[in-house]
Colleague: 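Handing you this structure, nothing more for now.
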Amino acid sequence: MGKNRHRHFLQTLRQFSPTPTGSTLVTFDVCSLYTSIKHDLGLKAVADLLQQCNFTDDSRQFCLELLSLILQNNFFLFGDQYYLQTQGTAMGANVALAYANIYMDNYENAYVYNNTLFRTYSQCWLRFIDDIFCLWTGPHDTLLRFTEYLNSIRPELQFTLNSNPMQIPFLDTLVIREPNGFLATDIFSKPTDSNSLLHYQSCHPISTKHSLPRSQFKRVARIVSKPSLLPERLEEMSHKFMARNYPKSLLNEDKMLASNPSFSPKHSTHT
């Protein structure tokens, strides 16, 4: 998740604290979003947006023709056989992210926001591409009925549901509902996570290798909401970098900067 969107997610969570008694933390995942968008529905979503943005008829038609050309002429190799992709968009295509977001926004406006169960029980609905965080205030059976409703609209577009009253992971963040109802956040890593941080002996520019620990320590400080837990999480991140051969002195400076923004690092001498 980008830094600005990350900050927006964390700031928005604070607006819903304390959470209502009996509320549930919920996440939805849209299964294989990029490859599940039917061309006609995706093009219609883009056309609707272009019209809302007051594009001229000629400009709108030109954009749609170009998009159609991209969508309907994507070939890929599997084994020794070439195939034409007849649904969705290639995940590596430049247009894929914007296209998927436009499609989901169109879907939400048409089917989610006006749903009676949603309007009654959903206190927040935050989506990052195909991952959704929701705070549900109704009984569990209403959440199940809402999920069934989502999965009944378009067979090719399916949502997987996860829910827990106390804590739930959302991307790299663990959202925790405290006993007093307030929401706290912590760093979350999947059990299958492997330490794939850039190795210090790589041939990348030294500036890149020096900026990476600082950005990751700042990410930890941004996500971890409990001051008492922050030193432990910063140390865990430090160990990940040390396993990738980063100088300990560099890491110590960046840890200090993350926990104390007024600290002035001087690791320009590192090579």
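These numbers come from the heavy atoms of this one structure, side chains and all, not from hydrogens, waters or symmetry mates.
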Colleague: Just jot down the side-chain contact (heavy atoms from CB on, under 4.5 Å) partners of E156, sequence neighbours excluded, or say none.
Modeller: K38, L41, Q87, Y103, R154
Colleague: Would you check if the side chain of Q158 reaches a backbone N or O of N151 as a donor-acceptor pair within less than 3.5 Å?
Modeller: yes
Colleague: Is the backbone N or O of K255 less than 3.5 Å from a side-chain atom of S259, with the two atoms forming a donor-acceptor pair by type?
Modeller: yes
Colleague: What I want to check is whether the side chains of Y200 and H210 have a donor and an acceptor closer together than 3.5 Å.
Modeller: yes
Colleague: Are the side chain of D186 and the backbone of V224 linked by a donor-acceptor contact shorter than 3.5 Å?
Modeller: no
Colleague: When rounded to the nearest 0.5 angstrom, what distance separates CG in L25 from CE in M166?
Modeller: 8.0 Å
Colleague: Are R219 and Q216 linked by a side-chain donor-acceptor pair shorter than 3.5 Å?
Modeller: yes
Colleague: Would the distance check show the side chain of T12 and the main-chain N or O of H8 forming a donor-acceptor pair, the cut-off being under 3.5 Å?
Modeller: yes
Colleague: Assert yes or no for the condition that the ring centre distance of F133 to W125 is strictly below 6.0 Å.
Modeller: no
Colleague: When you measure from the side chain of T208 to the backbone of H204, do you find a donor-acceptor pair of N or O atoms at a distance under 3.5 Å?
Modeller: no
Colleague: Could you give me the CA-CA distance, side-chain angles and deciding distance for F118 and Y113, then say whether ring-ring contact (aromatic ring centres under 6.0 Å, His included) is met?
Modeller: CA-CA 7 Å; F118 176 86; Y113 301 140; 5.8 Å; yes
Colleague: Salt bridge between R60 and D57, side-chain N to carboxylate O under 4.0 Å?
Modeller: yes
Colleague: Are F128 and F28 close enough, and set up right, to give a ring-ring contact (aromatic ring centres under 6.0 Å, His included), and what steps lead you there?
Modeller: CA-CA 11 Å; F128 181 72; F28 293 98; over 10 Å; no
Colleague: Can you tell me if Q11 and Q15 form a side-chain donor-acceptor pair at under 3.5 Å?
Modeller: no
Colleague: Is it true that the side chains of D172 and H6 contain a donor and an acceptor less than 3.5 Å apart?
Modeller: yes
Colleague: Can a donor-acceptor pair be found, under 3.5 Å and without considering hydrogens, that links the side chain of S202 to the backbone of H199?
Modeller: yes
Colleague: Should the pair K226-E178 be classified as a salt bridge under the 4.0 Å nitrogen-to-oxygen rule?
Modeller: yes
Colleague: Among all residues two or more places apart in sequence or in another chain, which pass the side-chain contact (heavy atoms from CB on, under 4.5 Å) test with A221?
Modeller: L230, A258
Colleague: Would you mind checking if R233 and E236 are paired as a salt bridge, meaning a charged N to carboxylate O distance below 4.0 Å?
Modeller: yes
Colleague: Nearest 0.5 angstrom please: F146 CZ to S122 OG, how far?
Modeller: 6.5 Å
Colleague: Once rounded to the nearest 0.5 Å, what's the spacing between atom CG of L66 and atom OG of S68?
Modeller: 9.5 Å
Colleague: Output yes when D40 and K44 qualify as a salt bridge under the 4.0 Å nitrogen-oxygen rule, no when they do not.
Modeller: no
Colleague: Would you tell me whether R127 and N101 have side-chain atoms, one donor and one acceptor, within less than 3.5 Å of each other?
Modeller: yes
Colleague: For the CG atom of L43 and the CG atom of L64, what is their distance to the nearest 0.5 Å?
Modeller: 6.5 Å
Colleague: Strictly distance-based, threshold 3.5 Å: is any side-chain N or O of D29 a donor or acceptor partner for the main-chain N or O of T160?
Modeller: no
